[in-house]
There are 2 protein chains.
Amino acid sequence: MTERAEIGADNDPSFASEAETRRTADSSERAYLSIRKLLVEFKLKPGERINEVQLSRSLGVSRTPIREALNRLASEGFVSLTPNRGFFVRSLSTEGLLDLYELRSIIECAAFKLMCERADDSEIDRLRQYWEAIVDVYPNQPPDIILAEDEGFHLLIAELSGNPELVGQLSSINARIRFIRRIQIEHPSHDKAQITSHSAIVEAAVKRDAENGAKLLREHIEMTVSATQQALKDALLKVFAPDNGAELKRRRRGREG
Amino acid sequence: MTERAEIGADNDPSFASEAETRRTADSSERAYLSIRKLLVEFKLKPGERINEVQLSRSLGVSRTPIREALNRLASEGFVSLTPNRGFFVRSLSTEGLLDLYELRSIIECAAFKLMCERADDSEIDRLRQYWEAIVDVYPNQPPDIILAEDEGFHLLIAELSGNPELVGQLSSINARIRFIRRIQIEHPSHDKAQITSHSAIVEAAVKRDAENGAKLLREHIEMTVSATQQALKDALLKVFAPDNGAELKRRRRGREG
DNA sequence: GAACGCAATAGTGTCGACACTTTCTTGACG
DNA sequence: CGTCAAGAAAGTGTCGACACTATTGCGTTC
């Protein structure tokens, strides 16, 4: 079992530079971001046990900030903590993801309705402008940009609901499903449906048609859910294939692969 | 879990016993519970800066588990973290609370609808039984018990929705508004309204009347919101009066008293 | 006497070390 | 051969110490 800490974040530019006495500048926060990145990119694999020492070595900080970051990630649902055994990468079961999408749908529909009630015309116009500014170039961009713009669109609705808690919730949900959305986005059929959905949602917002807008959002999200089923399979393949099939088989022993 | 954390928690039986080498048994978790208790009981006051050293002394553990607990509390929204300045008790503004209640209403209504769709008859019956088992003694109990039973009722609905994310969200929200709910519960007008609401909700559940049940829930929660406004004032008085008025005045300088 | 530094103090952020627990290895026993 | 136990190794949980940053208090200057 030549473990070989291939976490490989040594080359993460946010760390490592200046091996000097620069003990400053919040290693905790950088550790958090780095680890989260490792998680969403499957460098740390679902179900896997996280070795703190290894991680701390590869990120070049002590275990303290690593643990702080992991604790944070635990209460955000990225990892789980078993006493005396450590942190584990949370398995992504199909149901788990669907639950998350369902929650997202609930939050977003509610946000939309509240926005219709509360936002003034200039605010609704901000939403329209946001979408119009990106709609033309939308499909011709790298996945990361598309994803960010899409999240921005939905997040803006949450903001215009006037309830910051909704924004917080949605952000957190977004972070957790981001990895799968990125994979989804690369499916070629995705873009056009996305565009027409968003345009229709903007239209409903301008008309302040809360019911219809919420319905569109729900459908918009549900539409992606069915695609998610397939994307999830792709993801699992992508994650476990590189090494070999044995890995997958081994994982099966535990709950929810 | 009966840990009574008088900020001078040296006398907290969950700690301190056996000053032996018993370095075992998760100080972090206990610190988390203790600090959260201090927060909901206003032993640590809104806006106040939290002194880690002091806390660690009074809880009898080192700063490490204190910090882990605080980080957790931070991502749950109880406290906020300003780099290099430390943790602050999150101020409770009126809007902040209303936002939280609104979120709660959203989650619970959605949970109820999902429960109507998905739960089988025996599960719905569990809800009915839960309520019938406590309805008779409900008002004649100490506030903590009433609160726990009430939360249990609503949490059960979330569970029966079949979506564990909803349970998690609701738990977290409950924890954050618990302190104000406890104060509310002591208002004498509270009980009867609570009882009739819950009974009606159970009835709707049995009939699987999703729309009506959600409406009842929404009203049930909104009803408490108006009471919350007053309860909040009471709470602030209760918090700041004991010392003296100057404290209150000082806080005013910062945002949202 | 008010504004400005500047030293002293208090407090956070991170580290390395060590105690305790879990997991792995090895070897005796059936 | 498989099972189990004892010891070794690996890993987590917590601690005390120190580096660095913010704050406070004091003396100096205008």
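Quick note on labels: first sequence line is chain A, next is B, and so on, each numbered from 1.
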Asker: Starting from the 5' end of DNA chain C, give me the residue, A:P83 or A:S62, whose nearest nucleotide shows up first.
Answerer: A:S62
Asker: With the threshold set at 4.0 Å, does a side-chain nitrogen-carboxylate oxygen contact exist between B:R72 and B:E68?
Answerer: no
Asker: Just how far, in rounded Å, is P of D:dT14 from CZ of B:R30?
Answerer: 8 Å
Asker: Starting from C1' on D:dT14, measure out to CD on B:E52 and report it in whole angstrom.
Answerer: 15 Å
Asker: Of the candidate nucleotides C:dT12, C:dT14, D:dC15, which contains the atom at the shortest distance from the side chain of A:S27?
Answerer: C:dT14
Asker: In whole angstrom, what separates A:L55's CG from C:dT14's P?
Answerer: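 To the nearest whole Å, that distance equals 16 Å.
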Asker: Roughly, in whole Å, what's the span from CD1 in B:I66 to C1' in C:dG11?
Answerer: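 Checked: the CD1 to C1' distance equals 14 Å.
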Asker: Take the protein atom CG of A:L70 and the nucleotide atom P of D:dG11, then report the distance between them rounded to whole Å.
Answerer: 15 Å
Asker: Atom CD of A:E68 to atom P of D:dT12: distance rounded to whole Å?
Answerer: 16 Å
Asker: Of the options C:dT14, D:dT14, C:dT12, whose atoms approach the side-chain atoms of B:D26 most closely?
Answerer: D:dT14
Asker: Looking at residues at least two apart in the chain, or sitting in another chain, which of them share a side chain to side chain donor-acceptor pair (under 3.5 Å) with B:Q169?
Answerer: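 Here the qualifying residues are A:Q169.
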Asker: Take the protein atom CZ of B:R57 and the nucleotide atom P of C:dA10, then report the distance between them rounded to whole Å.
Answerer: 11 Å
Asker: Could B:E165 and A:R176 be called an ion pair, given the rule that one side-chain N must be under 4.0 Å from one carboxylate O?
Answerer: yes
Asker: Quick check on C:dT12: is either OP1 or OP2 less than 4.0 Å from any side-chain nitrogen or oxygen of B:N84?
Answerer: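 It does not, given that no N or O in the side chain of B:N84 lies less than 4.0 Å from OP1 or OP2 of C:dT12.
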Asker: Just checking B:R49: base, sugar-phosphate only, or nothing, at a heavy-atom cut-off of under 4.0 Å?
Answerer: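 Contact class for B:R49: sugar-phosphate only.
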Asker: Give a yes or no answer on whether the side chain of A:S172 reaches the backbone of A:G168 with a donor-acceptor pair at less than 3.5 Å.
Answerer: no
Asker: Could you work out, with ring pair (Phe, Tyr, Trp, His ring centres under 6.0 Å) as the rule, every residue matching B:F153, not counting sequence neighbours?
Answerer: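 Scan of B:F153 (ring pair (Phe, Tyr, Trp, His ring centres under 6.0 Å), adjacent residues dropped) gives B:W131, B:H198.
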Asker: Measure from CD1 on A:I50 to P on C:dT22 and round the result to the nearest Å.
Answerer: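 The answer, rounded to whole Å, is 19 Å.
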Asker: Let me spell it out: for each of A:G86 and A:T64, pick the nucleotide of DNA chain D with the closest heavy atom. Which residue's pick is nearer the 5' end?
Answerer: A:G86
